[in-house]
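Remember, predicted model here, so these are calculated numbers, not experimental data.
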Amino acid sequence: MPDTAHGLRHVEHVMGTVFSFDIRDRPTPAIRIALAEAVRRLHEVDAVFSTYRPDSHISRLDRREVRLDDCPPEVHEVLSLCTQAAHDSDGWFSLVPSGVLDPSGLVKGWAAEAASQLLYEAGAHHTCVNGGGDLQLRGQAAPGTPWRIGVTHPLRPGELAAVITAGHDLAIATSGTAERGVHILDPHGGTPATAFASLTVIGPRLTMTDAYATAAFARGESARDWLETLDGYEALAVLPDGHAWQTSGFSRYGS
């Protein structure tokens, strides 16, 4: 865990991706303990929710080997949040996108937000928790200096589609094809969602921001109108032909 008198950083490979912690507060003993606990909990989340592990609670629940009451309480919490996301998105967010119980479109953001909250409660008020490219930001990068986050252009390696400036708590989630190829399904038709090369959503907290990014990506052409109805959320989309659009309030954050 490299650190200085003014901060602390850590990288953890977990949940099939990379989580990074950038803490800009003085690393007190309480913050160090909270960081270690946050990392431990990420591995617990992986053990409970991984769809790639046949022994995970979510896999066993899908096979009906256990009941929901037999699972840890966080399973009920995540499934309830997924149900809320499905309702908010008119079913474009789905718990069973390919016919198998799979909360992956929400759980990574939920885990990163929970880790950020754990650090905050320990006194780390200026942090960036990055879960595989989805970020929960708190406070500022330095006194009087906002966080500046580059959004990778999905079609032009080495270029940025935008730079998002955040001088207060903010969440950023991107769904796209650049890293994992086409992997988000239209839950209504069961076919791959291909309307976007990438879609970045900005919101107050990462759990729902992540879920809404997944839902909007799956939604395709009607995503922009739906995103405009969400209070406190903005978005930037890059289309497969290289054209881009943004919601009406995105310019407050991005350039």
Side-chain angles (χ1 to χ4, degrees), residues 15-18 49-52 62 81-110 112 130-135 149-164 171-203 206-230 233-250 253-254:
M15 296 176 66
T17 188
V18 177
F49 289 102
S50 173
T51 58
Y52 298 99
D62 180 66
L81 289 167
C82 287
T83 299
Q84 179 186 333
H87 174 270
D88 293 347
S89 64
D90 305 315
W92 287 100
F93 181 92
S94 175
L95 252 175
V96 286
S98 60
V100 176
L101 188 62
D102 182 3
S104 301
L106 179 142
V107 75
K108 179 159 61 74
W110 171 81
N130 183 337
D134 297 333
L135 291 75
I149 306 298
V151 178
T152 300
H153 199 292
L155 304 175
R156 302 171 189 165
E159 292 188 25
L160 297 178
V163 176
I164 295 172
I172 305 168
T174 298
S175 293
T177 59
E179 296 294 330
R180 297 172 56 191
V182 177
H183 65 282
I184 296 176
L185 299 178
D186 170 349
H188 299 296
T191 55
T194 58
F196 302 110
S198 73
L199 181 68
T200 298
V201 177
I202 301 172
L206 189 53
T207 300
M208 282 303 168
T209 303
D210 190 15
Y212 291 163
T214 300
F217 195 97
R219 194 177 195 116
E221 292 182 0
S222 64
R224 186 174 186 175
D225 290 340
W226 174 65
L227 287 162
E228 291 282 12
T229 71
L230 299 178
Y233 294 85
E234 302 295 343
L236 166 71
V238 178
L239 308 184
D241 64 3
H243 286 85
W245 57 253
Q246 57 186 240
T247 53
S248 56
F250 182 84
Y253 304 100

Just verifying a value: how many Å separate Y212 OH and S89 OG, rounded to the nearest 0.5 Å? 8.0 Å
Do you know the tightest heavy-atom contact between P154 and A197? CG-CB, 3.7 Å
Shortest non-hydrogen pair, S94 vs P187, comes out as CB-CB, 3.5 Å
Once side chain to side chain donor-acceptor pair (under 3.5 Å) is applied, do any residues pair with S104, and if so which ones, sequence neighbours excluded? D102
What one should report as the nearest heavy-atom pair of P103 and C82 is CB-SG, 3.7 Å
Backbone N or O of L101 within a donor-acceptor pair of the D62 side chain at under 3.5 Å? yes
Can you name the side-chain contact (heavy atoms from CB on, under 4.5 Å) partners of D225, sequence neighbours left out? none
Are F250 and W245 close enough that some pair of their side-chain heavy atoms sits under 4.5 Å apart? no
For the student: nearest non-hydrogen atoms of Q246 and R224, plus distance: O-NH2, 3.2 Å
Rounding to 0.5 Å, atoms CZ (F217) and CG (L199) come to a distance of 7.5 Å
To check you understand the geometry: which heavy-atom pair defines the closest contact between L227 and A216, and what is its length? CD1-CB, 4.0 Å
Distance, nearest 0.5 Å, that separates CG of D134 from OG of S175: 7.0 Å
I want to check something: taking the side chain as every heavy atom from C-beta on, are L135 and I149 in contact at a cut-off of under 4.5 Å? yes
All heavy atoms of L106 vs all of A211, minimum pair found to be CD1-CB, 3.8 Å
Distance-only donor-acceptor check, side chains T247 and E234, under 3.5 Å: yes
Using side-chain heavy atoms (C-beta onward) and a distance below 4.5 Å, is T200 in contact with I164? yes
Let me know which of T152, T174, L155 forms a side chain to side chain contact (heavy atoms under 4.5 Å, CB included) with S198. T174
Short side-chain to backbone donor-acceptor contact, R219 and D90, under 3.5 Å: no
Inter-residue atom distance M208.CE - W110.CH2, 0.5 Å rounding: 12.5 Å
Can you tell me how far CG of L185 sits from OG of S98, rounded to the nearest 0.5 angstrom? 6.0 Å
To the nearest 0.5 Å, what is the distance between OH on Y253 and CG on L236? 14.0 Å
Quick one: does I172's side chain get under 4.5 Å of T209's, heavy atoms only? no
pair Y233-I202: side-chain heavy atoms closer than 4.5 Å: no
With a 4.5 Å cut-off on side-chain heavy atoms, are H188 and W92 touching? yes
